[in-house]
Structures are given as C-alpha cells and as structure tokens.
Amino acid sequence: MPAELRSRRVYGSVEGYMGRTLLKACGFTDEELDRPLVAVVNSWTNLVPGHVHLNLVAEAVEAGVRMAGGTPLQFHTIAICDGIAMGHEGMRYPLPSRDLIAASVEMMVNAHQLDGMVLIGSCDKIVPGMLMAAALLDIPAIFINGGPMLPGRFLGEKVTGRRALEMQFLRMIFPSEDLEKGALALSERVLPGCGSCQGMYTANTMGCLAEALGMSLPGSATIPAVDARRLRIAKQTGIQIMKLIDDGIKPSEIMTYEAFENAIRVDMALGGSTNTALHLPAIASQLGIKLTLDLFDQLSRETPHLCDMDPSGPYTVQELDDAGGVPAVLKELEELVNLDALTVTGKTVKENIRNAVVLDRNVIRPRDNPVHKEGGIAILKGSLAPNGAVVKQAAVDPKMLVFEGEARVFDSEEDALKAITGREISPGEVAVIRYEGPRGGPGMREMLKPTAALIGAGLGDKVALVTDGRFSGATRGPCIGHVDPEAMNGGPIAVVKDGDIISINIPERRLDLKVPEEELKNRLKKWKPPEPKIKRGILNVYSKIVKPTSEGAGFLL
C-alpha cells in the first residue's frame, strides 16, 4: 500500500469525517472506506451497441477490484454513436464530446479525490476522451474496451457495417423494389449484437492503440464483446489497478513519447482510421508531448501495412484476435518498436510479447511480405493544405494514388451528398467539401455518407474527395480529410472555385491547387469568413476555442 492515498485526505481522520459520513449514506462500510477507492468510469448506455453491454464489463471490473482489496466507486460519462449521428446535424457533436468526456472524468475523480481508475469505453470519441483523462489526471489508471462486434452473416457471406451503409446509397441512387427488400433483410443480419463495429474503424483502431500505448492489458483490445474472455480480462483489470496503486505507477510513466511512437507504428501496420491523427496528439498534449503530422508520415514510411482489415480488406477484428491480436502485431514489429516501454502490467513491451505468436499469416502478414510497403496513413502537404491533410492510403485504389481533376466545390456535406446521389458528379472530378472543419462545421463532421454514396454510385475509383472535415474509419477510396488550415480559418480550401485543377500525389505526399500563386494570394485577400452556423450552446463555445486539426482539434489545452 502506498504511504499516502489521495482518498485518505478526504475520508480519513477527523478532517475526513463529513466525506466518510456521506459515503456511508450510500451504503459503504468503514471497512470499505479504509481501502483504496477506485473510480470505475463507465460509458454504459442502451443507445449505443458498443456500450450496451458495458454494465456487465463494469460489474466484472468491480469484482476484480474487490478481490484485490479495493473499493470500486462507479460513475458514468456520455457516449455518442457516430453511426447514428452520421449524415445530419448530430454529427457536429461527437468530436467535441471527446474533450467533454475527459473533462467530466477529471471533475468526478478530482472532486472526490479517488486513488485510481479503470476506464471502460468502446466507441470512437469515448476511448480517446478517457485516455485524455488518464493523461490529465495522472493517477494510476487502466483502460478496458468493450470489445468488437461479431461480423454479420447474410446469404452465406460475412458482412460488416460498411456493407449496410453502402447499400443505403445504392437504394438512393438506383431505387428498386429488390434493393428495398434486400436492404431490409440485410438490416436484420449485418450488425448481430453488442460491440464496436466489426472492422478497423475508429473505435477498434483506438482500442488497439490503447493497448499498444501500454494502457490496456495485453490481448484485451480484440476480444469480441460476447466472449467470456471479455469478462475475465475485466476482472484481471480490476485486480491489476490495485497493483498499480500499490506500486504508484502513473500514466505519465507509461504514455511516454516512445509509447506514442509504438502506437503510431501499430496504427500503420493495422491500416487504422485517419482519426488517430486527431486523437493521439490530443492525448499526448495532456502530458506535454507534441506529436506532429510529420511524425505520423515518417513512421508510416518506415512501417509496413501488415493487416488487410475491413473496410479496405477482408478481415474483421475477430479474425485479428484469432490471429494473435495486438501482441502478435507488436511481435511482428519487434525490430521497429521501443521494447523497453512500460505498460500497465508493470512490465515492458518486451516482457509482454515474449510469448506472442502470429497464428494466421493471412491476417497478420510478415514484414517481408506486407499488404503495402508503407503504413496505412499518409500526410499530404502542398498549396491546398500548407499545414497538412490526412489520407488512409491503405484504402486507396492503386490507380488513384496519383490523380488530377477539376474541382466541384460544396460548402456543406448536405450539398455534396445531394449532388452525388443526384448523379451530378462525373468521373475524373474532385469533390471539395469545405466549412466542415472544427471551427467551420462546427465540430468537424465525418463524411462517411458522401464517401459511401460515391462507392454506391460506382465512383469510388473515379472521383476523389477533399475536405476540411474528417472521415470515418469505415471510409475507403481516395478521400483526403483534415485539410489545414480549414476554410473557416482562411485556408486555401476556402477560395477553391469550380473548375480549378486539384492535383493529388500520395506517393510524393502532395496536395496542390493548380492556381497561379499570385491569383491564390488575391483570392485569399478578398475572402471574408461566413457567418458562424451555430450561435449558441456547446458547439458555439467549441468553435471559438478549438485548436487546428494538425494539433488534435481539442480545447482542453
């Protein structure tokens, strides 16, 4: 037991009489209050499939804490389902919710001076929000996710959430009675139960990176939500947090610069979501660590893409788990990662992966025979994105890696979607969606519906999409997001005109607006920002204080 627990100042001795009395009013005994007090931070809700089962995970964590001699104190935080919020005004809220989640955990844990915490979450912004809280509070902490959803089965074929969304736009673009019946039948099978959506989308990417960072127990990220191993590892997590409290091991000792490099390399090997270029810098910033987009690109060039995961490939997270999970990926990257990085086991990465084995070479390819020689994400710069833009190069058709076309400009996601579903976009064009960045959106909406609509229209390998918004991890194709500076900040994307030529060269990491430099300067001089779309509430506050996408699009620091 550490010499002094935080909770002793609030619940011990005469000074802590009132705090102790109030917790006794909740039913806690003196014996329980004399133990370390552990926050069990749960994002359970019956509204989100990734979270609908987290009450059971939390019960198992609490059991583990009690088994190891601690007292669990559970509270909840919010959880937004990006899939439900997608394609309408609701999508303005998920990214701001990340920092609000971190802030809510900070408030609860510090107000009540708890000694450690287990953070339970599954989906896109909840995982990074909780890791931000762990970094910010810097008390012993472990993260455990709720696990991936099993793939669906439809007409004898494995299906994932990506298929459902693309079917939606097939129905919009090519309406027919058969498609309607097929879509209804598919909806019964494609998402068969609890868990985060099946592919290497943002939720599962962030779960895997939490493990790669050393903040989750080895192997925990990929265990399916419905597997009994999920509850067993939840109990082990509850036991382990007590060891971290005893040993005084804090997140700042685990989430070091070297650990973030490990996480980025695993991200590149998995072909993970482009949203990690927002979330990892935001988490690191809470520890005073700066992660630049240039670092992402450098590590991508050095790290091969090893796992051909859905949405661009055939494999789901369940199959990654069967192949050995994150420990096996780290084992394959052994010569590239920092093996001395400390983890929540109290051991180093090297010790954790000593016995890891790759069990399926189709899912986790060897380094000398990768899916792609470079990692899944590329950072592009040029006259259209001076501070950078992000593309999931692992999901781009090889013939679209170098592309040039006339711009079709839209000032909102809705306008672009209407044009795509109305079959007004032609092969060879570049759809530009602007004023959807963190400030301009506000909230930096995901553009999954426009990208899925392009796939549904048969244009996935014929039309590029460029935006200051962002993309879902389920996106595939030549879709370039996070253009910085964003339009609302007067970036070059604000003055693109219909018919301008946009040049994309992913191998050379270029994104250029082929307009003479003098003309571009004149356009920018004449540009004036439009009126804010949202003038009240949290989105209005967020738009005024949010950082640029190249710095993580957060507002806590």
Side-chain angles (χ1 to χ4, degrees), residues 82 85-89 91-92 94-95 165 202 273-278 293 377-393 395-396 400 403 405-421 425 429-455 459-460 463-498 500 502-504 506 510-513 530 533 543 546 548-550 553:
D82 283 43
M86 193 74 65
H88 54 81
E89 291 299 306
M91 182 40 75
R92 303 190 191 282
L95 186 57
L165 193 64
T202 304
S273 167
T274 53
N275 283 311
T276 58
L278 295 174
L293 290 181
I377 291 174
I379 306 301
L380 312 184
K381 291 187 177 181
S383 59
L384 188 53
N387 295 340
V390 184
V391 63
K392 191 173 184 176
Q393 64 174 344
V396 178
M400 295 292 288
F403 184 76
E406 290 189 0
R408 289 288 307 280
V409 183
F410 305 94
D411 286 345
S412 71
E413 177 189 7
E414 288 83 358
D415 289 347
L417 189 58
K418 183 178 178 181
I420 297 167
T421 55
I425 302 292
E429 293 183 327
V430 179
V432 176
I433 307 178
R434 64 190 178 194
Y435 296 109
E436 290 289 6
R439 283 194 63 213
M444 201 180 183
R445 291 193 287 180
E446 287 183 347
M447 302 291 129
L448 180 56
K449 285 203 170 182
T451 61
L454 286 172
I455 298 293
L459 298 172
V463 169
L465 198 156
V466 176
T467 180
D468 55 6
R470 59 194 177 89
F471 294 110
S472 164
T475 295
R476 58 192 176 115
C479 302
I480 300 166
H482 305 207
V483 170
D484 188 32
E486 64 171 290
M488 198 66 173
N489 284 339
I493 193 172
V495 295
V496 179
K497 296 181 179 179
D498 283 342
D500 285 347
I502 292 176
S503 175
I504 299 164
I506 295 173
R510 297 293 305 179
L511 178 62
D512 290 297
L513 177 62
K533 296 175 185 174
S543 70
V546 66
T549 53
S550 57

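For the atom pair NE2 (H88) and CZ (R445), the distance works out to 9.5 Å, reported to the nearest 0.5 Å. Note that CD1 of I425 and CG of L454 are 7.5 Å apart. Values are rounded to the nearest 0.5 Å. The OG1 atom of T451 lies 9.5 Å from the CD atom of E446; values are rounded to the nearest 0.5 Å. Taken from CD1 in I480 to CD1 in I379, the straight-line distance is 11.0 Å, to the nearest 0.5 Å. Taking OG1 of T549 as the start and CG of N275 as the end, the distance is 11.0 Å to the nearest 0.5 Å.
Counting all heavy atoms, side chain and backbone alike, L417 lies closest to A453 at CD1-CB, 3.9 Å. Of all the heavy atoms in A407 and I502, the pair that sits closest is CB-CD1, 3.9 Å. Closest heavy-atom contact between A464 and I504: CB-CD1, 3.6 Å. When every heavy atom of A553 is checked against every heavy atom of P438, the shortest pair comes out as CB-CG, 3.9 Å. Taking all atoms of both residues into account, the shortest heavy-atom contact from G405 to V430 is O-CG2, 3.9 Å. A487 approaches I493 most closely through the heavy-atom pair N-CG2, 3.5 Å.
The shortest distance between side-chain heavy atoms of P386 and P492 falls below 4.5 Å. A 4.5 Å side-chain heavy-atom check between V483 and T467 finds every atom pair outside the cut-off. Between H482 and L278, the closest side-chain pair of non-hydrogen atoms falls below 4.5 Å. Contact of the Y435 side chain with the P530 side chain is registered, since non-hydrogen atoms from C-beta on lie closer than 4.5 Å. By the 4.5 Å heavy-atom criterion applied to side chains, V546 and P442 are not counted as neighbours.
Partners of P94 under the side chain to side chain contact (heavy atoms under 4.5 Å, CB included) rule, at least two apart in sequence or in another chain, are I80, D82, A85, M91, K125, R470. In this structure, the salt bridge (charged side-chain N to carboxylate O under 4.0 Å, His left out) partners of R408, at least two apart in sequence or on a different chain, are E429. Residues forming a side chain to side chain contact (heavy atoms under 4.5 Å, CB included) with A431 (at least two apart in sequence, or on another chain): F410, L465.
Between the R510 side chain and the G382 main chain, no donor and acceptor come within less than 3.5 Å of each other. Remark: side-chain polar atoms of D498 are paired, donor with acceptor, to backbone N or O of V409 under 3.5 angstrom. Within the 3.5 Å criterion, the main-chain N or O of D411 finds no donor-acceptor partner in the side chain of R434. Side chain of S503 to backbone of D512: no donor-acceptor contact under 3.5 angstrom is found. A donor-acceptor pair under 3.5 Å is formed between the side chain of E436 and the backbone N or O of E413. Checked by atom type and distance alone, the side chain of D500 pairs as donor or acceptor with a backbone atom of K497 at under 3.5 Å. Distance alone, capped at 3.5 Å, places no donor-acceptor pair between the T202 side chain and the S273 backbone. At distances below 3.5 Å, not a single donor-acceptor pair connects side-chain atoms of K392 with backbone N or O atoms of F471.
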Stepwise side chain to side chain contact (heavy atoms under 4.5 Å, CB included) check, E89 with E414: CA-CA 10 Å; E89 291 299 306; E414 288 83 358; 3.9 Å; yes
What verdict does the side chain to side chain contact (heavy atoms under 4.5 Å, CB included) test give for T274 and V391, after you've listed the backbone C-alpha separation in whole Å, the side-chain angles of each residue and the deciding distance to 0.1 Å? CA-CA 7 Å; T274 53; V391 63; 5.8 Å; no
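When only modelled atom types and interatomic distance are considered, D484 and S550 share a side-chain donor-acceptor pair under 3.5 Å.
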